Protein chains: 2
Amino acid sequence: MHWKERASIEKITIKEIAELAGVNKATVSRVLNGNANISARTRDKVMEIVKRHNYVPNALAKGLASNRTYTVGFCYDYTEKQAVSNPFFQTVLQGVEDVVYARNFLFLMMSMQRDQLAHSSFAKVVTERRIDGVLVPTQLFTEATHRLLRQEGMPFVVVGEPMISQPDVHWVDIDNVQASEKLTRRLLDQGLGDVRIVYDEADKVRDKFVLDRIEGYKRAMGASRLKPREATLPQVEEAFVGEAETVPQALIFSTESLLFDWLDTAASYPQAHSIRLATFDRSPFHRHMKYAVEAIEIELEAMGTEAADMLFALIDKNELAQPYIKIPSK
Amino acid sequence: MHWKERASIEKITIKEIAELAGVNKATVSRVLNGNANISARTRDKVMEIVKRHNYVPNALAKGLASNRTYTVGFCYDYTEKQAVSNPFFQTVLQGVEDVVYARNFLFLMMSMQRDQLAHSSFAKVVTERRIDGVLVPTQLFTEATHRLLRQEGMPFVVVGEPMISQPDVHWVDIDNVQASEKLTRRLLDQGLGDVRIVYDEADKVRDKFVLDRIEGYKRAMGASRLKPREATLPQVEEAFVGEAETVPQALIFSTESLLFDWLDTAASYPQAHSIRLATFDRSPFHRHMKYAVEAIEIELEAMGTEAADMLFALIDKNELAQPYIKIPSK
DNA sequence: CTGTTAGCGCGTTCAG
DNA sequence: CTGAACGCGCTAACAG
């Protein structure tokens with residue numbers, strides 16, 4: 001059995017339905033698409049046949065005729081092999097899926113390596129018009145990406161606040177300032193005074209959320225009239241070799257990977273065990289880790305649903321109520 | 001700007017190319033598809049125009065005409081919310097992607113909740129013929145799934161050995177018996193004698209790999225003339241409340257989630273700290289966990305590439321060299 | 001080697 | 001309210 005025959009198994013078309021119902025193709029099409037001007041009688045007759053023969057529209061033909069694919073894309077970073085396994089990623093994805101499937105759309109995942117736009121499946125999908133819109137994580141939203149999207153007239157929403165904001169770029173993110181402020185306050189409320197925030201130099205330049213988390217931390221510290229102290233991981237470690245430095249009571253890691261890096265080295269310092277650890281994005285692994293980790297629930301799933309909703313607004317009406325959305329932590 | 005205009009930005013078609021080159025549409029199509037019988041002159045002329053105008057074929061039209069979508073699907077289990085974040089899942093996925101993109105195919109992710117086939121995007125994609133073939137994880141490969149796939153004549157490969165083997169079902173899996181034997185031997189070689197394997201009753205009935213891992217364990221124990229002892233998690237715990245029982249020297253967890261369950265309860269038993277822990281699928285989180293975990297490298301990425309290769313063989317030639325593939329651990 | 005003629009399955013005028 | 005005719009962009013016979 002060749003694929004050509006295989007693919008035509010039992011697939012009834014709109015034309016055959018029309019013949020069976022004794023009406024025209026166009027009429028069937030109208031019934032199927034809920035067109036208003038149809039007599040109840042013909043509608044029922046057509047629907048009966050549709051049901052009985054288990055008619056399923058051909059998505060390709062429909063797309064070709066209507067210039068729509070009924071598919072949205074989700075682009076993910078393939079540079080870091082762990083991107084997909086990232087709980088962050090997958091929770092957002094879940095929110096997206098709920099919305100996408102509720103709309104009866106499909107969902108095309110595309111990988112893209114940073115700085116490899118030209119050969120990515122992302123570029124291919126966009127230029128071939130296999131999607132009606134796309135969600136792009138902020139890490140992948142470069143100048144080149146933006147240019148391609150705009151040039152192709154492809155609706156898009158950035159997931160995560162882009163570093164440089166532009167008027168025609170719509171995005172959704174959690175409110176990192178608020179989340180960080182809240183997390184910091186939670187530690188302070190536990191009686192800890194010397195709370196510091198740890199960041200990575202490279203991240204700080206590239207990721208807006210790192211800046212925001214530092215900012216939120218500062219606000220909470222300021223509100224308690226405490227001196228904020230931000231540091232890179234190496235700087236924190238100096239506290240254990242130098243003598244003048246005091247050991248912090250708690251460390252807030254601006255990213256989870258920093259926390260992991262810390263765990264790798266902390267074992268060398270006995271004093272490190274008493275430090276309270278905190279980060280964002282609670283993960284199911286936390287409770288199995290060497291030390292207890294304080295984490296704040298951030299609304300990742302909501303981020304996915306909001307992003308998808310924005311994208312559909314763009315696809316449907318080509319306009320947005322708000323240019324961007326910040327989701328506060330509860 | 002409405003989507004209809006937006007979508008037609010700058011998109012040159014095969015027909016226009018033909019006019020510019022002064023040839024027929026069909027000729028352009030032949031050039032584009034690398035058809036043999038074309039004079040070098042017309043080929044060059046056509047290609048020059050194609051390049052200059054940045055022609056990109058319309059995937060939908062191509063698919064409609066050739067009855068092909070140039071897309072393969074990957075179905076994942078949405079029942080367990082963590083499925084996508086599972087390192088297992090994502091490593092396999094990576095192997096799949098490499099093959100799929102190398103073939104210039106696209107990649108459609110579909111979710112499916114167990115026992116919810118009818119309303120899944122999976123069923124939709126398959127019946128609407130939006131893919132040329134699909135990869136299905138064994139957990140989702142139920143009777144109903146199989147029936148749908150066969151009824152629609154959709155080529156498929158099961159990822160992971162199905163519990164019940166059937167002649168027309170092709171699959172790829174790692175060699176779990178071999179991997180388990182190897183892992184067990186590694187523990188025995190460390191001088192540990194009382195090594196036991198832990199399984200979950202429900203998993204054992206549903207997942208073939210659990211049976212295989214138990215089998216591999218037994219072989220290694222047998223080869224060392226040791227008495228194999230398999231137990232469920234509750235049974236293992238009894239060792240700590242009863243008195244007659246001895247504390248095992250090592251525990252092999254047939255799944256990672258069992259290991260996690262163990263970690264949750266182990267803290268209560270001081271004797272538990274000395275037990276060596278082992279499992280399959282090394283994960284990046286292991287090294288941050290409370291206790292050291294012995295793990296064996298299994299060829300997950302190869303599993304993905306092999307599965308994809310099998311699928312393409314099915315799509316292209318509708319036949320397979322081997323009905324299934326078992327990948328040994330190195 | 002290349003042009004002609006038909007569709008693929010569906011949406012969408014434009015009449016009536 | 002419904003039918004006829006055409007087009008979406010491309011591939012696939014069949015000629016020549």
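Model, not experiment: these values are computed from the prediction. Because only heavy atoms are used, hydrogens play no part in the values below, and waters and symmetry mates are left out as well, while side chains stay in. Lettering follows sequence order; numbering is per chain, from 1.
Salt bridge status for A:K51 with A:D44: absent, with no side-chain N to carboxylate O gap under 4.0 Å. We find that A:K25 and A:E19 are not joined by a salt bridge, their nearest charged nitrogen and carboxylate oxygen being 4.0 Å or further apart. For B:D173 and B:K326, the salt-bridge test fails: no basic side-chain N is under 4.0 Å from an acidic carboxylate O. The residues A:K62 and B:E128 are annotated as not salt-bridged, no charged nitrogen and carboxylate oxygen being separated by less than 4.0 angstrom.
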- Query: For DNA chain D, what dot-bracket results from Watson-Crick or G-U pairs at under 3.5 Å, with [ ] for crossers and | for inter-strand partners?
  - Reply: |||||||||||.||||

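Using a 4.0 Å heavy-atom cutoff across all strands shown, B:L64 reaches at least one base atom of the nucleic acid. Note on B:V28: nothing from the nucleic acid sits closer than 4.0 angstrom, heavy atoms only. Using a 4.0 Å heavy-atom distance criterion, A:S29 is classed as a base contact.
The side chain of A:Y55 places an N or O atom within less than 4.0 Å of a non-bridging phosphate oxygen (OP1 or OP2) of C:dC10. When the side-chain nitrogen and oxygen atoms of A:S39 are compared with OP1 and OP2 of D:dT2, one or more of them lie within a distance under 4.0 Å. For the pair A:T27 and D:dT2, the criterion of a side-chain N or O lying under 4.0 Å from OP1 or OP2 is not met. Close to C:dG11, at under 4.0 Å from its OP1 or OP2, lies a side-chain N or O of A:N33. A sub-4.0 Å separation between OP1 or OP2 of C:dT2 and a side-chain N or O of B:T42 is present. Taking 4.0 angstrom as the limit, A:N24 places a side-chain polar atom (N or O) nearer than this to OP1 or OP2 of D:dA4.
Between the side chains of B:T71 and A:R130, at least one donor-acceptor pair of N or O atoms lies under 3.5 Å.
Taking atom NZ of residue A:K62 and atom P of nucleotide C:dC10, one finds them 9 Å apart after rounding to whole Å. The nearest whole Å value for the distance from the CD1 atom in A:I12 to the P atom in C:dG9 is 12 Å. Rounded to an integer number of Å, the gap from NZ of B:K45 to P of C:dG3 is 9 Å. Note: NZ (B:K15) to C1' (D:dC8) measures 11 Å, nearest angstrom. Residue B:K11 contributes atom NZ, which lies 20 Å from atom C1' of D:dG7 at whole-angstrom precision. In this structure, CD1 of B:I38 is placed 14 Å from P of D:dA12, rounded to the nearest angstrom. For the pair A:I17 CD1 and C:dC10 P, the interatomic distance rounds to 9 Å; values are reported in whole Å. Residue A:N67 contributes atom CG, which lies 16 Å from atom C1' of C:dG9 at whole-angstrom precision.
Side-chain to base pairing of B:R30 with C:dG3: one donor and one acceptor N or O lie within less than 3.5 Å of each other.
Atom NZ of residue A:K15 and atom CG of residue A:N24 lie 11.5 Å apart, to the nearest 0.5 angstrom.
For A:S66, the listed nucleotide lying nearest its side chain is C:dG11; candidates were C:dT4, C:dG11, D:dC10.
Ring pair A:H146/A:F141 is tilted by interplanar angle, where 30° to 60° counts as tilted.
A side-chain contact (heavy atoms from CB on, under 4.5 Å) with B:F156 is found for exactly one of B:V169, B:I131, B:L314, namely B:V169.
Both B:R43 and A:V56 sit near DNA chain C, but only B:R43 has its closest nucleotide nearer the 5' end. Ranked by how close their nearest DNA chain D nucleotide is to the 5' end, A:A40 and B:N58 are led by A:A40.
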